[in-house]
Amino acid sequence: MAARPRSTTELLRTVRQIRQYTPEPVADEALQQLLEVARWTGSSRNLQPWHFIVVRDKEQLRRLSRIRTPIEWVATAPAGISIVLDGKANTGEAYDEGRVSERLLIAAHGLGLGGGVAWYGTAEQQAEAKRILGIPEERTARSIVMIGHPVSSTDPRPTRATGGRKALSEVVSYDRLGGAKA
Ligand SMILES: Cc1cc2nc3c(=O)[nH]c(=O)nc-3n(C[C@H](O)[C@H](O)[C@H](O)COP(=O)(O)O)c2cc1C
């Protein structure tokens with residue numbers, strides 16, 4: 001099991017996208033804790049426009065992983081939580097989906113697990129995910145958050161993006177855009 005962060009800020013700062021997992025299953029208790037975190041996430045007007053599908057079936061994960069190359073690693077994770085949105089308010093629901101996804105990643109990290117976001121892709125690829133998961137066409141299903149015991153946070157994909165982050169000086173201003181710290 002990965003070392004647990006010592007403080008809340010360290011927990012938040014050290015959340016990484018995990019794409020390599022051990023075959024060890026995720027304990028049901030841990031999954032229940034993650035689902036409680038998801039359930040208590042705030043949403044626009046408290047509409048809670050979501051439903052969460054816990055996917056543990058290997059064949060289901062394999063089928064999802066084949067939707068597009070950048071998410072092939074999905075087949076190696078022991079579990080995923082697919083986020084299904086009502087499909088009624090695109091912008092608000094997209095924001096809510098981001099909040100709940102990030103909370104799942106943080107909570108998994110806090111439990112000594114790891115998580116990774118996988119996007120299904122284009123409208124056609126989303127439709128394929130919906131067929132696999134039995135989701136009606138009118139609902140929105142854009143992504144699944146994979147959960148498992150991390151092997152490494154290294155991105156194994158040949159198409160990997162550059163790691164690390166921009167310097168604070170590049171992304172922060174004071175009082176107005178471009179303003180220096182007083
Ligand atoms: C909206 C969104 C969609 C993403 N979709 C994918 C994806 O389909 N496949 C994937 O491997 N990573 C996906 N990621 C993960 C990003 O690549 C990852 O957050 C970024 O590379 C930073 O990773 P790091 O925190 O490990 O440095 C997605 C992240 C976000 C926020």
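As the structure lists them, so they are numbered: ligands from 1, and atoms in each ligand from 1.
At a threshold of 4.5 Å between non-hydrogen side-chain atoms, the residues Thr140 and Arg142 count as touching. With a 4.5 Å cut-off on side-chain heavy atoms, Ser82 and Phe52 do not count as touching. Between Leu61 and Arg56, the closest side-chain pair of non-hydrogen atoms is not below 4.5 Å. Looking at heavy atoms from C-beta onward, Val145 lies in side-chain contact with Leu105 at the 4.5 angstrom threshold. Considering only heavy atoms from C-beta on, Tyr120 comes within 4.5 Å of Ile144 through its side chain. Using a 4.5 Å heavy-atom cutoff, the side chains of Arg139 and His51 are in contact. At least one side-chain heavy atom of Glu59 sits under 4.5 Å from a side-chain heavy atom of Arg62. Residues Glu72 and Arg66 form no side-chain contact, since every pair of their non-hydrogen atoms from C-beta on lies 4.5 Å or further apart.
Distances below 4.0 Å separate heavy atoms of Ile71 from the following atoms of ligand 1: 8 (O), 9 (N). For ligand 1 and Arg157, the ligand atoms under 4.0 Å from any heavy atom of the residue are 9 (N), 10 (C), 11 (O). Every atom of ligand 1 with a heavy atom of Trp73 under 4.0 Å away is listed here by number and element: 10 (C), 11 (O). Per-residue contacts place Pro70 under 4.0 angstrom from the following atoms of ligand 1 (heavy atoms of the residue considered): 9 (N), 11 (O). Listed by number with element, the atoms of ligand 1 under 4.0 angstrom from any heavy atom of Arg19 are 10 (C), 11 (O), 12 (N), 15 (C), 16 (C), 17 (O), 21 (O).
Between Tyr120 and ligand 1 there is no heavy-atom distance shorter than 4.0 Å. The shortest separation from a heavy atom of Ala161 to ligand 1 is not under 4.0 Å, leaving the residue out of contact. Residue contact annotation: Ala118 has a non-hydrogen atom under 4.0 Å from ligand 1. Ligand 1 has no atom lying under 4.0 Å from any heavy atom of Arg160.
Protein heavy atoms are found inside the 4.0 Å sphere centred on atom 1 (C) of ligand 1. For atom 31 (C) of ligand 1, the nearest protein heavy atom is 4.0 Å or more away.
Considering backbone and side-chain N/O atoms, Arg16 comes within less than 3.5 Å of an N/O atom of ligand 1.
Residue, atom and distance of the protein heavy atom nearest to atom 6 (C) of ligand 1 are Val117 O, 3.4 Å. In terms of protein heavy-atom proximity, atom 26 (O) of ligand 1 is nearest to Gln17 N, 2.9 Å. The nearest protein atom to atom 8 (O) of ligand 1, hydrogens excluded, is given as Arg68 NH2, 2.7 Å; this is a heavy-atom distance. Given atom 25 (O) of ligand 1, the protein heavy atom at minimum distance is Arg165 NH2, 2.8 Å.
Side-chain atoms of Ser143 never come within 3.5 Å of backbone atoms of Trp119 as a donor-acceptor pair (strictly under, hydrogens ignored). No donor-acceptor pair closer than 3.5 Å links the side chain of Thr154 to the backbone N or O of Pro156.
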